[in-house]
Amino acid sequence: MLRLTAVMYLPVGATLAGIFIVAALTMGLDTGMPILYSAIAGFLVGLPISWLVARQINNLS
């Protein structure tokens with residue numbers, strides 16, 4: 001399941017980082033550090049979400 005989690009982390013983490021960056025830009029936080037923090041937050045939030053998705057995929061098999 002760890003391999004599936006790692007594979008799922010790539011698109012999930014990148015998507016969440018992009019969503020968080022767009023949210024930060026929408027709120028008017030258009031300097032470098034808020035954008036960097038929102039990207040890091042997106043990648044960190046992507047870890048448990050990708051684990052949950054991988055667990056659900058394993059339960060289907």
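Since the model is a prediction, treat every value here as computed from it, not as a measurement.
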Rounded to the nearest 0.5 Å, how far apart are CZ of Arg55 and CG of Leu4? 12.5 Å
Apart from Met1 itself, which Ile, Leu, Val, Met, Phe, Trp or Tyr residues share its cluster (side-chain heavy atoms under 4.5 Å, direct or through members)? Trp51, Leu52
Give the table of side-chain donor-acceptor pairs shorter than 3.5 Å for residues 7-35, with sequence neighbours excluded, one pair per line with atom names and distance.
residue	atom	partner	partner atom	Å
Tyr9	OH	Phe43	O	3.0
Thr15	OG1	Pro11	O	2.7
Thr26	OG1	Val22	O	2.7

